[in-house]
Every structure is written in C-alpha cells, then in structure tokens.
Amino acid sequence: MASLIEKSACDGLLPRVAGGTVLSELPAARVTSVAPFAGKTRALGAALKEMGLGWPKPGEAVGTEGASILWSGRDQAFLIGADPAPLSGLAALSDQGDGWARMQLKGPEAEAALARLVPLDLRLSEFGIGQVARSGLNHMMMLIARTSETGFDIMVFRSMAASAVHEIGTALDAVAARGRLTS
Amino acid sequence: MRYSGLSVLKEGLFGNKGWKPAWREPEPKAEYDVIIIGGGGHGLATAYYLAKNHGITNVAVLEKGYLGSGNVGRNTTIVRANYFLSGNSEFYSHSLKLWEGLELDLNYNVMHSQRGILNLFHSDGQRDAAARRGNAMVNQGDDAELLDREAVRRMVPYLDFEQTRFPIYGGLLHRRGGTARHDAVAWGFARGADMRGVDLIQNCEVTGIDIQDGRVRGVQTTRGPIRAKKVGIVAAGRSGQVAAMAGMRLPIESHVLQAFVTEGLKPVIDHVVTYGMGHFYISQSDKGGLVFGGDLDFYASYAARGNLPMLEHVMEAGMTLMPMIGKAKILRSWGGIVDMTPDGSPIIDRTDVGGLFVDCGWNYGGFKATPASGWCMAHLMATGEPHEVARRFRLDRFLTGHLLDEEGTGSQHNLH
Amino acid sequence: MRITCPLCGARDRREFTYYGASVYADRPAEGAAPEVWDDYLHLRDNPAGEITDLWYHELGCSAWIEVTRNTVTHAISATRLLADRATPTKKGARS
Amino acid sequence: MRIAGKGLVDRNTPVGFRFDGKDYTGFQGDTLASALLASGVRVFGRSFKYHRPRGVMTAGSEEPCALVTIGRGAAQVPNVRATVQEIHAALDARGQNAWPSVNVDLMAMNDLFSPFFSAGFYYKTFMWPRKFWESLYEPAIRRAAGLGALSRKHNEDHYEKAYAFCDLLVVGSGPAGLMAALAAGRAGADVILAEEDHVMGGRLLAEMQEVAGQPGADWAAGVLAELATMPNVRLMTRTSITGAYDGGTFGALERVGLHLARPPMDLPQECFWRIVAKRAILATGAHERPIAFPNNDRPGVMMAGAVRAYLNRFGVAPGQTVAVFGNNDDAHRTVRDLKAAGVKVSALIDVREEATAPDGATLHAGAQVVDTVGRKGLREVVIADRSGQITRIPCDCLAISGGWNPALHLACHMNGRPVWREEIAAFVPQPGMVPGLAVAGAANGTFSTQACLAEGLEAAKAALSELGRKAKAVDLPQAEDGAYRLRAFWEVRGGKHRAWLDFSNDVTTKDVRLAAQENYRSVEHMKRYTTQGMAPDQGKNSNVAALAVLADATGRGIPETGITTFRPPYVPISVAALGAGGQGAGFAPQRFTTSHQASVERGAPMVEAGLWYRPSYFPRPGDQSWLDACNREVGFVRDRVGVCDVSTLGKIDIQGADAGRFLDLVYTNTFSTLKPGRVRYGLMLREDGMVMDDGTTACLAEGHYLMTTTTAAAGQVMRHLDFVAQAHCPAWDVHMISATEQWAQFAVAGPLARELLNTLLEEPVDGDTVPFLGVAPVRVMGVAGRLFRISFSGELGYEIAVPARYGAALYRDLVARAENLGGGAYGMEALNVLRIEKGFITHAEIHGRVTAFDIGLQGMVSAKKDCIGKGASTRPGLSGPEREQMVGLKPVPGSKSIGAGAHLFDEGAEPVRVNDQGYVTSVCWSPTLNSHLGLGFLINGRARIGTRVRLVDHLRKTDVICEVVHPVFFDPEGGRARG
C-alpha cells in the first residue's frame, strides 16, 4: 500500500533571509501538550525529572539535550522532542506536533523585526534566554521562546504559516532597509 | 428671532450686531411640572416635544456641564433607519421622518444630509442577512436596495475590489440615510425648547432624587433643591449613577466608544460607507474631515477617552477597504460614554417610582434616535402611556425575555 | 492600557478579551428565581469608580482574570486569576 | 534671504527641490519653509474659509498656515507642514486650497462676502427649500471647504508599526530634555529620547544663548555625542510623541523615509510606535502665541520665535526689514538677534508702556499694531501709540510675540486639567496628570534656559529614584537665567478689520464675540460654534487667546472660562501609519487547510469562511454555471461518494476525571453517559438561553473527549469553555486544548463511502466496527488516524482524521479514489444543499436570537441536570406560539427561485411590517428533490406545517407562495445515514 507523504507546515515558504537574519523552519519534532491531572502535579514533576526535565514555571522552559518542556499557558506546557509515554495517567496529553508552524528567527535584526509584530518587551534584560511567552504575532496567537541573544523560536497555528512568514518577512525587510540608511 | 437667509444678509450688512442669544440663562425655579435630568440631545428633544406636542412648558432641563456636552457632540453623526426587528424598525423609521422635517420645524439648520448609507457585505451569509434587513426596512416603509459588486463599484470606485482581505460581494444601500451636524441638533432643540418657555439650566448637577411614598417629589442639585411632579432621567452613560439616586439598578454597562477625524480634505467620500468584516464606518464632513467610527474599546469606562488598539483596528480596516485614504491624517480622536444594554436596544419606560421615567440604553445608536427619543419620552411623560413606536422599549423585557437583539450577541453588554 | 496577568506579567490590552463586571462569575444556582437570573445577566452597578471585571488572556495563557480597576481613571489596582477565588457562591439557591 | 555665515544648515550641500512648478535650491538641513523663505517666497497657501493668502507663521509642527501638498499620483500627500518637511532632490511641493494657484485664487472672492460668513451662519440659513440642501448648498460648501486633496489612488507606499519599551521616555530634546536624558543615560537606565525635529536640540538650535560657555547648539551636540555612545539610550529623531495612553503607553509617529529623495527599497515612509515607558519626562517646550490685531494674517506676519529660528538655525532672514510687536521680553531678544545678524529692524512695538529700548532699535512703548498692508505679502504696519497717534512703519516681516504657552498637551491626554498661572498668563500642567509622567522646562512654564536645564536634571533624578536607580553626578551647566516678563495682551481692540485668532480655520475675534453674544458662552460651545481650534493645528496657536477673548466678552476670568479638552494625537498621523499592515490581505491572518492547493489546482473558487478559505465548488468543462457543479457534487454524495475537507471545524480535546460532568454543564444534553468509542450530537447554549453552537463530541476513552464546534464559533466556544471551567468549577479536573490544527479531517460521504475507505484503511471497517455515531482509531496507509461515523449530509458518512502533515496527501488520494467510484470532491455550495435538504442548521439559523425551542430541539435540554443557559431559557418570552419557529419552505411548483432574507406573510396579506410572520434563513435548489427549498423562521411555525405562506423579497422582486413543511425535506427517517 502506498504511504502518505508528509508535508511540513512551512513547506515551500522558508527559509527567508534579510540582512544578516534568517527565518527558517525548525526540524519536525514530537510536541505534546501536558496538563497535570488534579492531584498529580507532584508525580508529574517527578516523572519529568526522570526525563531530565521538570515542570516549568510560567514563562520558562526546561531543557535538556534534545528535549524540552515549555510553559505554554495556564496549567499547561508543551513537551517537545520527547516521548510523553512516561507522563501517561499523570497529565492530560494531547498531540500538538502537527498543529503548529515552528520557526526559528535568528540574527542581528531578529529582535527589531519582532518588535514590529509582537506586543512583548523583548529586550534581553526582560526576556532572557530560556524564557517563553504566549502572546500575539500581530493578530495571530503565538508561543515564543528566546534561545540565544539573537535567536527566537516561534510557534503559530499551522494554518497561519503563510501569513506569519509574510509578516515576519515584511518586518525583516523593513528593518534591513533601515540598516541601509546612511543618515 | 427667526433665522433665514434674509436675516443672515441683513445682520451681515449691519455688523452682525443684532443676533440675539440662542437661549436664555435662567435661574432655576423652586418647582417645575417636569424636570429632565440631562441636557444632551435626548433631554433637550424631550423638553422640546413636551412643550410643542403636549403644551407642557413649565419644564426644566438640568445639565451638569454645558448643553450638548454628552454623546450628541461626540458621535459620528450618522442618521439612518435600517433596523430589522419589529420594535426597532418603527421607532427609527419615525425618527428618520422627524429628521426630514427637523430644520424647518426647529428653524435651525442641522445640516441633515441624506447622502446615502452603504453597508458592505463580504460573503453569501452576509448578503442574506443584508437582504433580511433590507426587506424589513421596505416592509416598514423605508428604503433599501441590494447592490451587487458591480453596482457598488460604480458607486464607490475607490474601494479596493482586488486585493482586500475580504472581497466585496455587494452592499445594502439606504439612500435616505446620511449624516447631520451633531452640535447643531443639540443647539436647535435647545433653542426651540427655550423659545417655548423651557428653562435650560447649565452647570447644575443633580445630586439626589427626592422620593416620598413611592412618588418622585423633586431633585437635589448643586444649585439647590428643585421640586417637580415628574422627573425624567435622560442621562445616557451616566444613567446608572442617576438611577442609583432613586435606588434603582439598570441593565446598563457604560463603555467608551471612540471616533476619529482627519484634517480637512477636498470632497472624496460622498456617502456613509461601512465595512462588514471589521467595525469601520466612514463619512466626510462638510468641513472636509473624514469621520471614522469603530467598535467600543470594550471595557467599562467613564473616561471619555480611548486607547490605541481600537484606533489601530479601525485604521487597518480602512486600509484594507479603501487604501486611498492612507495619506489622510488623523487629527483628533475622542470618546463618548455609551450606555450599553444586554440586547443593544434602548429603554423608554416608567419606573417603579411614581412620576419617575427613564430614557436610556442607546448603545451606539443614540444620535439618530434623538428626535424620536424626545418625541416618545415626551409622550410617555405627558400621557403616562408609551408611544406606539416605542412600546417595546420596556425596562422589564430582560426579565421576561422579550428581547430586541439586532446583533444577536446576547446578554453581554459590550457586544452590541 | 496594560494589564498584569498573574501568570504572564504586564501585557498590552490587545492580548485580552473583556467580558464585563465580575458578578458574572457568580452563577445562580439551578432553579433560581427569574429575578435572580435577570439580576445576574443584566443588572449592573456600573460604577464610576472602582470595579472588578473579567478579562480573558486570549492572546496569551488562556486565563480568565479578575481585574480591580477604576472606570474613571483606568488605573488598575489588582489582578488575580478567576480560578483562584474562594469557592464560587451560588446566589439565589433554593433550599 | 540667506545671511552669510549664519545658521546650522550645511552650506556645502545644496539641495534642489520644486515648489509650485518652479525649481529652487536650499541646503541640507533646510525645511521647505526655510528654503522657500530664503528664496523670497511669501505665499504658501490659502486660508480655509476666506481663501486669504497665507505665508509661514511658525518654525514647527504647530504651523497653521504653510500647509502644502507634496508628491504626485498615489504618492500625493496633502496638508504637509512646510515647516517640518525637509527638502530633498525629489521633493515636489505645491500650495493648496486654491484655484488655479496660491497666487491667483478665484475662491478668494469668499473674502468679499465675509460679513455674511460669520460664525455659525450656516446654521441660520440654507434650510429652504428642503431638497436644495443635498443638491445645491451642501455640495457648494463641501467644495469650498477642505484643504488639500487626496489622490483617490490606492496607497502604494510602505508603512509600519512597532513596539518599544524603556525605563524612561524623554519627550523633547531641548535643554530640559537633554539634561534629563543625559542624567538618566549615565545612570544606566534604558532611555528613549524622542524629538520631532530632524535635529536634536530644540530651542537651543534657534537661540543665541550660551550653555556652559559655548553656543547652545554646540553644547547640545556635545551631549548628543555622549548619548550616542550609550547602548542604553535610543535617540529617535523625526519622532513626535502623539498621545499618552493608559499604563505608560505612548503613541509616536516616526517619519522614516519622508526626507529621502531615494529611500532604500522596503523602507517605510512612517512608523507608528507604541512606546511603553515606566517613567516619562515631558520636555516639549512651549508654543509662542500670536496677538490678534486687524489683518494680522498677512504673509510676512510671523511668530518672533520663528523669526529667530529661521535666522539663527537656518541663516535666513524672513524679511529685508523686520518690525517686532510684542508684550514680553522675547520680542526684545528678537530685535537683538536680528540686529546682530545685520537685518534691518524698523521698529519694536511693545504694548508695555514701561518697556525700555534695546540697543539701537526704535521702540514704540505702549503702542499697538492696528492694521497691516500688503495682500500677498506684508509691506507696512500701521501702529497707534497711547494717544491714538497713527504711524505707518515699513516692513516686509512682522515678528509677533504674545508670550508662550507650555506645550503641555500630552500631560492632558488622560483628562487631567491644567491650571492657570497668572504671572506667565498661561496654563501649566499639574503634577500627576498622567501617572508616571513629569513635566520639565518650558512645557512646565519654566522659561529661562538655566531653569530648564535644572528642571530636566531634577525630573530625571526623581524618575531614577522611582525606578530604583542611583543618579550619577551630572554637572548643571551655566546658562542664561533671565526673568520672563510679560503683560497679558491678547487682542488689539477696535478697528473695522478682522483680527485672526485661528489662522487655520479663519476664526476672528468677531466670531468669538458673536458666539458670546448668542450665548454660546461655554468654551466648548464657542469652539464648536466658531470652529476655533478644530483645524489642523488643533488650536495650538489660538486656544488660549480665543478663550481670553471669550472670557473678556462674557465678563469672566480665564480660569473660570476653562479650556477645551486636549485630545490625541498631538500631531496628525496618517491613516496608513496607524493602519500599517492592514492593506490588502494583511487585515487578518489567512488560514489555509492542507487541501488548499489541491482545491486551487482543480479550479475551485476559494471563499472566506471566517479566517479560513474553503472551496466553493469544483468546476468542470462544460458547466454553464456554478449550479451545474453544485448539482453534480450533491449527486456524488447522494448517489456515489463525495469528499470534503472539514478541518476548519473547531476541535477541542477535553480530558480529566470531571470532563464528562463538565460537558454536562456546557451542553444541554448529557455526555457523562457517553461510552468510549461513541459520538453524540450536542447543543450548547449561551447563559442567556440562546443557542451558541452545536456539534458532535466523541468519547475517545474514559475521561477523554473530542468536541467539535462549527468553524465560525470555534474561538467563542473555547473562550466560553475556559470561562465555565475557571469561573464555575475551578476545582474540577478538566483540561482543554484546541486540536483543530493538529488534525486534517475529511468527510467521506455517500453510499460508497465505506467502500472507498476500505480501499485505504489497513483494517477494513463495517457497520459493526464503526457503527453510526461511533469513533475508532484506524491506520490509514501507515498513519495513525481516527475515523468518525458522522454525517452532515444525511448519507452514509465518515470523517477521517490524520495528523495535519499528511492532510495534503490524504486529500488527493481520497478525491482520486472517489472519482474512480464515480464521485469526487464537493465544495461549500454542495455541502450547503445537502444540509438544507436534511434540515441541519448552521449559523444562518442559530444566529444568536434563537432558542432550543425555536429550532425544535427543546427536547434536547435535559430536565435531569443543570446546564449553561437553562435558567434563562425559561423566560416566558423565549418559548411559545409567539416565537418564530424553524420550518421548511417549499415554493409551490413552478415558482422561481427564492432568496434568503425574504420575509413571510399570510397568504393575501400586505407585505408590510405589521403583517410580518417570519423570514427565510437558507435556500437552495435541491437537485435531489427537484425543487427550491428554504429554511426559515415562522411565527408559531410548527403548528402551521401543511399551510401556505406568502414569501416576499422586495429587494430581489420575488413574491411566491410556499408550503410550510417539516424542516427535514429528505429522508426524514434518517435511514440512509444509519445505513
């Protein structure tokens, strides 16, 4: 029997480069939403510890080699790059890996470009490496994580990938154009 | 004194020295037959029609600020009769007819301009809803036409028919709809009421309502107590506070509604145009400014000023619908305090207190309702019976479920 | 306007969706009298001054938040998660 | 006239530009105004009402007169302040509000009729005959009004919006602002220093005073050089702070590319910023105010401070012979600067009798200007001394100073009221008007340079301490510290000629007095009656003087007369900047299904469904219209098999021990009894008893459900569920997350649906493995998916869901298999027909005003339990025979098509409101039943099934008789779906 061909959310849209900054699609990874069942918070924390992780505080990510868990909302986190099976029975688990377009924006213009679209204080002093936020990418729901001084991981709904790429790309171009101003 | 082209010529020749005050500045009397709390458009219209239609002239309008300092001077000046629920249709239809005779009636040019209102639609479903509305308007005896995309293009070719996010399928055209000069409406009613003997008392804030044995006896004000046989609360966004003086809670939440105007421009938009996919409406004033309205800021407020998100939303809608306005510059933004009800329709009714009446809950729609609101409130206060075009604007309809929810958004006050 | 989400911190108003006065969180008990439902759904103190009202962090963490706010100045004095209230009261419960 | 060696413009870089079709040359650093003044141009435009020639009055964004149009075609921008616009090689500017030109304007005849155009004259006439208003009077008024014109072409330029955050926002870069920024910057605070001019320095650039022993401009340059080295300081030139909003949010307009002849590609013209600042210092300086005297609007009459700005900053003498008229010492400073630069000063007219003459100038102490001469440019002024003695003074420029008004606008944007300070005859801000904002320098009514520097420093120290930062030592430089002496003086009384207050809107002292005479005595009434303060400068030049005249006319003091409200924006902002990103498709995100490309390739018109796009129908060669395709696709489903992408429906994954109980609360019917592997249709009410949404919910496992919502209501339902969970049952174990995007889901419907599916499922299904209203995990071509046995068409139907990455492939595969079986893809049109034939509702029916009773589903409201909306739905007005109830409508045979939105009447009744019996919500042509069908709402409709009604659509000229039928037109027993 023939098999179904996979298509990533940003298929054909990325990468996009402006100035020294690149918007690219993150490699496919397993993403599972995790919401602790009542009374299971402690056990869930222990199970995550076994995996080298831990339950993230609001606005934080807990990462290890290859896997991470990102706070993603009220009583909810996204486990990325790990098998959620050990958490079974401890938390509501729901596949989310196909539901999001996951992108990386990296380069000197990244923060300035996002400042065109995101109503968050993205200054390094306020939104440091390893921090996570739910917010809007213009009118789109977004999860954003800072991965380095000049790097961000961005997740938007899969169906909005084209709009997100267009908007970030436009912002990048405008920031790059300012960089070409001499005075 | 009577206003006319001739009087303008004559006064012009003699240095405009002869113009008389548009209204007197009386001291409050100790007692009136009727007190109207609120010197905005509706309060002034109520007083005017009490005097004109019912011969009740021993009336005071008490205004805490200046006449017309509420929403009548802070709106987007649109006048229309395009409601579709029975209960609203006949009321706004009546109001539009009054508008059409208002200038000659008041001897004051309120610049009522029937330039046509075009409500655009952007899907088959919206077309169906527009058709239902338009048919209701015709059923009521008002005018409506359903335009297809090409007819809209002929009428307003400056819209973006090619690139816009939500394509234009057509529009519902209400030719008798239009605009009026908002301040002039307040001033015209004020002058008309004053000429008929009504006392317009400015800078007079009501601080209490006197009730004895279940009947209203008068009011306390910053200028002393005033007795009255009947009192009407016509206080728009402040209705809740005034009603509280009579121990009442109203089905009203007060919200801020912003509007915006650009610098003066040569004529470019000849109608009122509304967008169906974002709250955006626009017209051009006779002075040349593009006047925009949008949705509420959505949070309860008495601040009469807004915040940026709604301003930006309105301008984004403008840019997708008619990108030719991009180079116009927003000159001023302002906010009005609107009295939102849980079904988006108003209240003109008696209260449980004898002699105390309320006229409130005008949501977005207060300006165009001004003449009919005054007409019907005056009728109710004079006769004790609701006017036939306002009989469904009852205070108890939320309890009984006889709702008038044009938007279909339910009991959440800010969604209407 | 900025609202401090108890989970996310200070955020722009555009991330939130408003409902109205927080009395709406106190749902009447089953079988409450019509007047109780009318009061709950429709009647409002509508104060010109301090109010507690309901905001949903829609472009954020999905928390419903109770905000103590002044309707005249827009100053916000406190916020808390709606879910953190004491057990909701049931108004108009018939014994 | 340019003065050699004077000014800060770059004399080595000439810049050519065009004005009114002529080529001119200025220098790098010039504004359009300075460059044209240097070239001797005097008339820049025409006034609003009387079309009087107007020149330049100021040197800033508050300019009321020199408004020009720049650019051509789609790039045309009206009402540009010549005093702000920088010149560049591509600048093509022209005067406006004039025909044929600003020099020869035929509309100037308005001026002759000015006695009849008094304030509010239009309220008193044009009333009769009624119909002449729209046809005659109004068009004439509209044509005469307005200033510049829009191009009527779609915008082609790029604009943007952005957010910025800082500890301290300093607004204005004059002495106070620079000191504040320096102190805060050295202390390490994140500072944004915003300046609306294209060079920082504020008045220091325009005055000759020294700071710290060097020219003010040099001191400013030194401070700026230091600030530029600080990574924590962001310098924003060409940026006007436009508004103060709640929570420390400020709006700001940055002119990014408007000064460039050849801007880089993708560069925005403007950027609208939202700046969030923990603290702010307003150091916006002050606006000099004119004096009202007869014919004070001639080109050549200019603010004294502006004269000094053109002289000292731009090296331009605005006239050959300048006279100065004022009530304060700044007038004297102007004389000194002019004389020092070698410009002839013909007279200093000071209304103060006690004034003393500066060196070498002819002083007329206690005199007043009573008239001016020179229509298109001032030639002389007429003055009267104390005794009334008339003297004519030649001059082509009159510098006037009526004192200064603090530019306190932003401090007042949050409803704070300024207070009157008698000794400077001006309003000043009060502390705390905007939380977190302090005012320093001239904006605070502090006018000496020394005191401005000191206030800026103090304000920064206070802000730093509130921010918890320690200020580093900053030396306060020495500067001019003269007293600011003036005598309040607003208007020259008497005289026959008009004396302007509001130059933009042509409002004179007579207009204000007329308003008072007619009892428009409130300052708001006066403003609205005369239009004073409503022009592009928003009264920056006229408000205080106008209310002084009003106070005088009404016998009140200025403070008790009050002031109108300051509203944002401080300077006008283009719609394109505020609406940046909205043009075209940018207004809202676009949502694409995984099958989008395949549908497009099949030629399907894609229509908006909320933010989504869905295929309308799939045309084939030979189709006469969309209807042919629609009928064919309905046939696929009824006779063979059809495939449709239903991924846009909302899917919410609900888990937890209390999930079933929770569903019982939000649905009218019971879900806690639903067994794993089963699906149930649910009806959801709003708390007010109206139907919110409907859909199916599947029980995937014990305590694990998947709820389906309609496409339209997905967001609303999610918000609602979160509310119910957090408000009403926060202790329950229930967890929700949207799974809409995770799954690509396709309806496979029709008699051959199972046959099709069994060609690709690894384990074939039959009626037992997945019974009607069942759900099961399946593997499809190696991929784990879910199979639901649900039907929105009334046929044997399944919905198959796979992770979205496989959606594109699965859709193509399903459609190909369906075509092999004689079916194919179907679109929204066919979907709609199929559901109408079955009487299934959509939001056309559940439009927010209908109850469960109205749609005949009152039986679904469980009597055994509470649910959201149950309490309120028992209100008497929400059920009973007076309600409009859903029915089917079938036109009598041979009728033409019907349209949704038509209304219903009794047969034979007049189609007027009082006879209205209901309306039609959905219609279609049913190829299955060979009839037009409609769903609608009819008063007491269920009792009227079997009767006939009249359907009238006035708008589309339809008037047909319909039979009222049960809303399920086709297969009422439902046997086909159960298959």
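Everything numeric in this text was worked out from a predicted model, so none of it was measured. A, B, ... follow the sequence lines: proteins, then strands. Residue 1 opens every chain.
With chain D as partner, the option from B:L13, B:T164, B:N16 having the largest number of non-hydrogen pairs under 4.5 angstrom is B:N16. Interface check for chain D: of the options B:G288, B:G5, B:P21, the most heavy-atom pairs under 4.5 Å are formed by B:P21. Between chain B and the residues D:N79, D:V850, D:D688, D:T874, the largest count of heavy-atom pairs under 4.5 Å involves D:N79.
Contact annotation: the side chain of B:K327 approaches that of D:Q269 to within less than 4.5 Å [non-hydrogen atoms, C-beta and beyond]. Counting heavy atoms from C-beta on, the side chains of D:M690 and D:H847 never come closer than 4.5 Å.
Contact of B:E25 with chain D is made through backbone and side chain together, with heavy-atom distances under 4.5 Å. Within the 4.5 angstrom heavy-atom criterion, only side-chain atoms of B:L104, from C-beta onward, approach chain D. If you measure heavy-atom distances from D:F905 to chain B, the contacts under 4.5 Å come from the side chain alone. Of the two parts of B:Q202, only the side chain, counted from C-beta on, holds a non-hydrogen atom closer than 4.5 Å to a non-hydrogen atom of chain D. At a 4.5 Å heavy-atom cutoff, B:A129 makes no contact with chain D through either its backbone or its side chain. With a 4.5 Å cut-off on non-hydrogen atoms, B:L85 touches chain D through its side chain but not through its backbone. With a threshold of 4.5 angstrom between heavy atoms, B:S69 does not approach chain D through any atom at all. With a threshold of 4.5 angstrom between heavy atoms, B:L331 approaches chain D through its backbone and through its side chain. Of the two parts of B:R24, only the backbone, made up of N, CA, C and O, holds a non-hydrogen atom closer than 4.5 Å to a non-hydrogen atom of chain D. Looking at B:N135, both its backbone and its side chain come within 4.5 Å of chain D, counting heavy atoms on both sides. Heavy atoms closer than 4.5 Å to chain D are found nowhere in B:N203, neither backbone nor side chain. Only the side chain of B:Y169 comes within less than 4.5 Å of a heavy atom in chain D; its backbone stays farther off. Interface remark: B:T409 contributes backbone atoms only to the contact with chain D (heavy atom separation under 4.5 Å). Heavy atoms closer than 4.5 Å to chain D are found in both the backbone and the side chain of B:K287. In this structure, chain D has heavy atoms under 4.5 Å from both the backbone and the side chain of B:D270. Residue D:N915 does not touch chain B at all, counting heavy-atom pairs closer than 4.5 Å. Only the backbone of D:A535 comes within less than 4.5 Å of a heavy atom in chain B; its side chain stays farther off.
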- Task: Please lay out, stage by stage, how B:E312 and D:F272 fare under the test side-chain contact (heavy atoms from CB on, under 4.5 Å).
- Result: CA-CA 10 Å; B:E312 293 177 29; D:F272 182 70; 3.8 Å; yes
- Query: Stepwise, does the side-chain contact (heavy atoms from CB on, under 4.5 Å) test hold for B:M322 with B:I269?
  - Reply: CA-CA 10 Å; B:M322 45 177 77; B:I269 290 177; 3.8 Å; yes
- Task: Before giving the answer on side-chain contact (heavy atoms from CB on, under 4.5 Å), spell out for D:Q76 and D:L150 the whole-Å C-alpha distance, their side-chain angles and the decisive distance to 0.1 Å.
- Result: CA-CA 7 Å; D:Q76 176 173 318; D:L150 292 176; 6.0 Å; no
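Between B:E316 and D:K161 a salt bridge is recorded (basic side-chain N to carboxylate O distance below 4.0 Å).
Between B:W187 and B:H182, the ring center distance fails the sub-6.0 Å criterion. Residues D:F587 and B:Y275 place their aromatic rings such that the two centres sit under 6.0 Å apart. Ring centroids of D:F116 and D:F121 are separated by 6.0 Å or more, keeping the two rings apart. A ring-centre distance under 6.0 Å is not found for B:F14 and B:W19.
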